[in-house]
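Proteins get letters first, then strands, A, B, ... in listed order; numbering begins at 1 in each. Just the heavy atoms: all of them, side chains too, but no hydrogens, waters or symmetry mates, feed the values below.
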2 protein chains.
Amino acid sequence: MVRLREFDEEKALDAAMQLFWEKGYEATSLSNLTSKMGIQRPSIYSAFGDKKQLFEAALRKYTASHASYVRAKLQNHSSVREAFRSYFEGLVEEEYEGGPNRGCFCINTMVEVAPHDEKFEILTREHQMYLSVVFQETIERGIQSGELKNSISAKVLAQTLVVSLIGLTVVMKSRPERSFVDNSVSVILSLFNTSKPREQNDE
Amino acid sequence: MVRLREFDEEKALDAAMQLFWEKGYEATSLSNLTSKMGIQRPSIYSAFGDKKQLFEAALRKYTASHASYVRAKLQNHSSVREAFRSYFEGLVEEEYEGGPNRGCFCINTMVEVAPHDEKFEILTREHQMYLSVVFQETIERGIQSGELKNSISAKVLAQTLVVSLIGLTVVMKSRPERSFVDNSVSVILSLFNTSKPREQNDE
DNA sequence: AGCATATTGTACTGAACGGTATGAAATGAT
DNA sequence: ATCATTTCATACCGTTCAGTACAATATGCT
């Protein structure tokens with residue numbers, strides 16, 4: 001049957017993702033979207049549904065890509081401590097290279113949309129939980145190899161690293177002096193040296 | 001001369017603050033504002049200027065009030081460690097009591113507005129820097145009293161606490177399991193026990 | 001070739017947006 | 001009491017919003 005789609009759905013979704021990432025949900029209009037995606041309004045609606053559904057598809061694309069980026073980054077070093085150091089410092093470096101200060105799409109959504117829309121509360125939470133698990137597994141790898149003390153609770157440390165990561169990403173949106181974030185990163189990384197955060201209540 | 005204003009400017013601004021705090025800048029319309037503030041459109045414009053200016057006034061009111069709240073909270077305990085414990089745990093407790101999940105107005109603005117508007121980049125940054133100084137002074141008080149080791153860099157630790165505070169506030173927007181934040185808080189507070197965060201580069 | 005089907009571009013919908021013109025109402029000064 | 005002045009409520013401005021109707025276009029199947 002019939003006429004086939006003339007545009008690349010993945011490329012169009014990617015353009016939408018970039019736009020929502022940079023401007024957020026409310027501030028991005030359908031006119032913005034059509035021009036950046038290079039397709040007309042009815043094509044968006046037929047391919048992705050309404051604005052909220054398109055936003056969801058864009059966010060899912062982001063989280064999937066971000067998750068695999070983080071996984072790769074952490075597996076890239078044999079030393080676990082080095083892996084996290086490289087990840088955190090790279091994050092800071094990237095944000096201070098100038099450029100448009102987009103931060104993390106998922107975190108932006110957590111702040112702007114999650115409190116008013118349960119679907120996005122769940123979506124963003126699940127991504128953070130996934131990151132936490134990836135961190136935890138990486139830390140456990142370090143414990144098993146003997147690099148890290150086994151007195152460290154991998155899970156609790158991983159959770160704290162996720163919180164710290166979010167804090168760093170958000171604070172950089174106000175472009176503080178670089179020493180501010182650098183100092184924080186070094187303290188956060190020092191958590192790998194200290195003995196054990198005691199686990200509290202956990203399922 | 002002449003007719004005097006019939007509404008309480010402070011009460012109206014407070015209502016605007018609540019609304020912007022809960023919904024953000026873009027999602028709050030002038031119709032929302034007029035009904036919540038209890039005054040008509042032209043009264044808003046004559047008293048506060050346009051929407052952006054009203055938003056700025058609301059944010060300034062918030063940061064002033066928040067700053068004095070934090071100062072009071074930290075001075076409330078003779079033990080510095082207890083003061084921070086009470087502050088962080090109170091923050092978590094508050095957010096898990098149900099309610100509308102507004103988080104922190106300044107952090108919300110840092111994410112939604114600061115990247116696209118330099119005035120708000122500066123405003124939000126200055127508030128974080130102020131909090132950092134309040135934290136630092138509190139920590140120094142603890143060092144002088146002998147409660148904390150003087151090997152701790154008060155400044156660097158304060159900066160890290162601000163970052164952690166932001167991370168906690170933001171992650172709670174996705175309503176993670178309580179143990180997640182509780183664990184993180186206990187790790188963050190354990191920073192008071194550890195020896196030295198080394199200071200890096202600082203003016 | 002011709003029909004059925006899906007996608008395209010154009011143009012439009014009603015509603016909501018931020019912001020304002022205007023005149024009536026209300027006050028203080030004279 | 002009158003008048004200048006300011007605030008108030010109503011009603012409106014042009015623009016932009018998200019979403020859609022429709023006709024023209026392009027393809028695959030028979």
Return all side-chain donor-acceptor pairs below 3.5 angstrom for residues 11-22 of chain B, not counting sequence neighbours, or 'none' if the list is empty.
from	atom 1	to	atom 2	distance (Å)
B:Q18	OE1	B:R102	NH1	2.6
B:W21	NE1	B:G103	O	3.1

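- Contact of the A:C104 side chain with the A:M110 side chain is not registered, since no non-hydrogen atoms from C-beta on lie closer than 4.5 Å.
- As rounded to whole Å, 12 Å separates atom P of D:dC8 from atom CE of B:M37.
- Whole-Å rounding puts the B:I39 CD1 to D:dA9 P distance at 9 Å.
- Taking atom CG of residue B:L54 and atom P of nucleotide C:dG19, one finds them 10 Å apart after rounding to whole Å.
- Proximity of A:F120 to A:P115: side-chain heavy atoms (C-beta onward) are nowhere separated by under 4.5 Å.
- Taking atom CZ of residue A:R5 and atom P of nucleotide C:dG9, one finds them 12 Å apart after rounding to whole Å.
- The distance between atom CZ of A:F48 and atom P of D:dG19, rounded to the nearest whole Å, is 15 Å.
- The shortest distance between the side-chain N/O atoms of A:S43 and the OP1/OP2 oxygens of C:dT7 is not below 4.0 Å.
- Counting heavy atoms from C-beta on, the side chains of A:V80 and A:L148 come closer than 4.5 Å.
- Whole-Å rounding puts the A:F7 CZ to C:dA6 P distance at 15 Å.
- Side-chain contact between B:V70 and B:F135 is present, with heavy atoms from C-beta onward closer than 4.5 Å.
- Remark: B:K52 is positioned above the aromatic ring of B:Y25, its terminal NZ or CZ atom under 6.0 angstrom from the ring centre and at most 45 degrees off the axis.
- Here C:dG19 presents its C1' atom at 13 Å from CG of B:L33, a figure rounded to the nearest Å.
- When the options A:F55, A:Y69, A:F105 are evaluated for a ring pair (Phe, Tyr, Trp, His ring centres under 6.0 Å) with A:Y62, the one that passes is A:F105.
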Protein heavy-atom contacts under 4.0 Å, written 5' to 3' over nucleotides 11-18 of chain D as B (base), S (sugar-phosphate only) or - (none), form the string ------SB

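- Within 6.0 Å of the NZ atom in B:K36, the count of heavy atoms belonging to other residues, nucleotides or ligands does not exceed 12.
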For DNA chain C, the dot-bracket notation using Watson-Crick and G-U wobble pairs below 3.5 Å, [ ] for pseudoknot-type crossings and | for other-strand pairs, is ||||||||||||||||||||||||||||||

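- Inter-residue side-chain proximity for B:E95 and B:L168 is flagged as unmet; no heavy-atom pair is nearer than 4.5 Å.
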